[in-house]
Structure formats: C-alpha cells, structure tokens
Engineer: 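For reference, the structure I am asking about is given below.
Chain naming here is simple, since letters A, B, ... match the order of the sequence lines and numbering starts at 1 in each.
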There are 2 protein chains.
Amino acid sequence: MAGTKVDKISDTTLRGFSGYRLKRAFNVVQADLSHVLKPFGLRMITYSALTIVADNPGMRQSELAKSLDMERPNLVGIIDQLQRKKWIRRDPAPTDRRAHALVLTELGQDLVARATEAVAEHDRKVFAGLTGDELKNLHQALQKIESMTTGRLS
Amino acid sequence: MAGTKVDKISDTTLRGFSGYRLKRAFNVVQADLSHVLKPFGLRMITYSALTIVADNPGMRQSELAKSLDMERPNLVGIIDQLQRKKWIRRDPAPTDRRAHALVLTELGQDLVARATEAVAEHDRKVFAGLTGDELKNLHQALQKIESMTTGRLS
DNA sequence: TATTGTTATACTCTATAACTATA
DNA sequence: TATAGTTATAGAGTATAACAATA
C-alpha cells in the first residue's frame, strides 16, 4: 500500500487528441510485436529490413533506408549485423560499382518466412477484436492520415 | 538521375499487417507534432508531462512515470529540465517526506495553455480528412487495440 | 521489507557532417 | 558536381541495478 492516496491520475486533456489515442494503441502493438520477434533474434527494424529486401531482391541500401524512413548512415550497422548472422548479402551492384545489391541468403529467406508467420499471427490476434467493417474502416482512416503529405503538414 | 533503375520498391508484405499501417500513420502524426511543439521549446514527452501535471496537480514523479509509461529514472532528467525552465516545481509532498508533489508554475500553466491550443489545431488538421463517423469508428478501434492487456498479449 | 527519488550505466534509435570511391 | 556507402559523433529514448532516505 502506497499511503492514503487514491492515485486516480487523469489524462483527459491528452485523451482529447486522436493523435494521443493513436500513440497509445501503437505502443501496445509495438510492445507485443517485440516479444514475438525476440525468439527469432529480430527487432522491428531488422524484421522490416529483411522483409523489404525479400520483396525487392537486389535493391540498394539507400533505397532500403528510404523505404524504412531512416538515414543511410544508421542502416549500415544494421546491415552489418544481418550480414554477420548470414541472413543477408551485399553483392556488387551490376550497373554501379559504388552500390551494393542486397539479397537474402537461403538462411535469411527461411528466417523471414518463419518470422512472417509469427508476425501474421500476432497481427490477427491484436486486431481480432475488430469486425470486418471496423478493420476496413480503420485501414481507410489510417491511409488518409498517412497521405497527409507525410511529414510536415501545410 | 540515378542511373537506369526505376526504383519501384514494394512493401506489400508489410502492408499486409494492420500493425504496420498503424505505425506508418503514427509516424506521420508524430513528425508533424514535433514541428508544432518545437517553437514552444517542447518535445512530445515534455508536453505530455506538463499536461498531465496540469491535470493532476500535486501528483508524484512515480505516478507521472507510470502515466507516461516510462521508467522512473528516465523521468528525473526531464523534470530537471522543466524545473530549470521554471515551468514546474517539486514541492514537498505533505504526507510522505520521500516524495515530491509536482505542480506547474504560472509560467508553466501559461505555456501549456498556449501549446495545447496549437496541439488541438494540429490534431484537427491531421484528422480533418475523416468524417464524424470515421473518427468515431477509429477511436473505437484504437480503444479495442489498447485494451489488449497493454503489453504482452495472451 | 518496500517504496521514492536518484545516480550510474548501457543499449537502441535517430540525425548530421564529412570522407572515399565512384558516377 | 553529385551520389552510394561509410565513419564518427552526438543527442534522444529506454531499460536495469543499486543506493540513501523514508515508509
């Protein structure tokens, strides 16, 4: 018992903002997803990277960085790790000797396949409480928000 | 021109996950909100802290940390900053000599009032594309997701 | 014994400047 | 000149262990 205080903390002002509700919901999803990925030795960023490379074999690091919405320098260490674990290869790019062509190894492809199954199950579980209509509506709403110039609004 | 590559990068696998869509939408909101708060000398975390203290004068640091979903040690530096800027005070807690009673100064109250106006306008702008029904639906969906045990799912 | 605030520490994430080798 | 990948660096954000004062 922490004293006589009832400790009913209110966040009514913040709750008035849809953005705050969006953040709270996302935090729950993110926390759970981290637990799902940990057994695979993956984090959200490494899983996303592997999946995008799987979908776009031969892509360059700068393209991956842009796709992950991160700065090129910060991607270097991540690719280093994935390469050390033999999940990804930096092949020479055929048309540009400065660039690398990113491709998954067989080990990487296998890992992504298994992790994707787990992520898919996680996703189904998190959104299981929503009806088909609610989910469709949610996607539409999120799409509208995302299309808002992506970054700084008017 | 970056060579002959067309660079159509696909994220179809990730797009199949509602959690990924949630993340993308949240990123847009977060990035824009940061721009809104910067002129006030505030970040998301400092604005949230000030607002919750404004709603709960006399609350303790541990309560604020829990409310912000962060660890107690990480809050110390943040309160230090807010105190240095004369926006918050650490008064002695009346019933427990270990604890602090957090309260906003007049300067802090004024700042929160002005910032909250800007945040409210930002929130209206971001979600302006949604109809009343869509927004109501969105809130309901986000609430359902957030209620999923908050953390690790079953 | 447990809790409040704190210090120290470490690891992840993010952002910028500047270098090299190519284009 | 500009771009791809890299290095170095610094600032946020986050998590854990341990301590002094107090409950």
Engineer: Grab the CG-P distance between Asp96(A) and dT3(D) for me, whole Å please.
Structural biologist: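 Distance check: Asp96(A) CG to dT3(D) P gives 12 Å.
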Engineer: Please check: side-chain N/O of Gln30(A) versus main-chain N/O of Asn27(A), any donor-acceptor pairing under 3.5 Å?
Structural biologist: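 No; judged by distance alone, with no hydrogens or angles, the pair does not exist.
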Engineer: Nearest-Å distance, CG (Leu75(B)) to P (dA15(D))?
Structural biologist: 14 Å
Engineer: Using whole Å, what does the distance between atom P of nucleotide dG5(D) and atom CD1 of Ile79(A) come to?
Structural biologist: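 Computing the Ile79(A):CD1 to dG5(D):P distance gives 9 Å.
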Engineer: Does any donor atom in the side chain of Tyr20(B) or Asp11(B) lie under 3.5 Å from an acceptor atom in the other side chain?
Structural biologist: yes
Engineer: Verify the distance criterion only: is there a donor paired with an acceptor across the side chains of Asp91(A) and His100(A) at less than 3.5 Å?
Structural biologist: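 No, no side-chain donor-acceptor pair sits under 3.5 Å.
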Engineer: Within this structure, what is the CG-to-P distance between Leu68(A) and dA15(C), rounded to whole angstrom?
Structural biologist: 13 Å
Engineer: Looking at dT6(C), dA4(D), dA17(C), which one has an atom nearest to any side-chain atom of Pro73(A)?
Structural biologist: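 Of dT6(C), dA4(D), dA17(C), dA17(C) is nearest to the side chain of Pro73(A).
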Engineer: Lys66(A) has an atom NZ; how far is it from atom C1' of dA4(D), in whole Å?
Structural biologist: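 In whole Å, dA4(D) C1' lies 15 Å from Lys66(A) NZ.
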Engineer: Grab the CE-P distance between Met44(B) and dT14(D) for me, whole Å please.
Structural biologist: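 It works out to 9 Å between those atoms.
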Engineer: Below 3.5 Å, does any donor atom in the side chain of Arg98(B) face an acceptor in the base of dT3(C), or the other way round?
Structural biologist: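 Indeed there is one.
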Engineer: OP1 or OP2 of dA17(D) sitting under 4.0 Å from any side-chain N/O of Arg72(B)?
Structural biologist: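 Looking at the OP1 and OP2 atoms of dA17(D), neither is under 4.0 Å from any side-chain N or O of Arg72(B).
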Engineer: Taking the minimum atom-to-atom distance to the side chain of Glu71(B), which one of dG5(C), dT16(D), dA15(C) wins?
Structural biologist: dT16(D)
Engineer: From CZ of Arg60(A) over to P of dG5(D), roughly how many Å is that when rounded to an integer?
Structural biologist: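 For the pair Arg60(A) CZ and dG5(D) P, the rounded distance is 7 Å.
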Engineer: Toward the 5' end of DNA chain D, which comes first, Ser62(A) or Asn74(A), by nearest nucleotide?
Structural biologist: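 On the 5' side of the pair lies Ser62(A).
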Engineer: Just to verify, which of Thr51(A), Val119(A), Leu33(A), Leu111(A) counts as forming a side chain to side chain contact (heavy atoms under 4.5 Å, CB included) with Leu42(A)?
Structural biologist: Leu111(A)
Engineer: Given dT14(D), dT6(D), dT6(C), which nucleotide is nearest the side-chain atoms of Ile45(B)?
Structural biologist: dT14(D)
Engineer: If you only use heavy atoms from C-beta on, which nucleotide in dT6(C), dA4(D), dT22(D) is closest to the side chain of Arg97(B)?
Structural biologist: dT22(D)
Engineer: Rounded to the Å, how far apart are Arg90(B) CZ and dT4(C) P?
Structural biologist: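 Going from CZ in Arg90(B) over to P in dT4(C) covers 15 Å.
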Engineer: So, are Asp32(A) and Lys125(A) salt-bridged, with charged N and O less than 4.0 Å apart?
Structural biologist: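 Between Lys125(A) and Asp32(A) there is no salt bridge, as every charged N stays at least 4.0 Å from the carboxylate O atoms.
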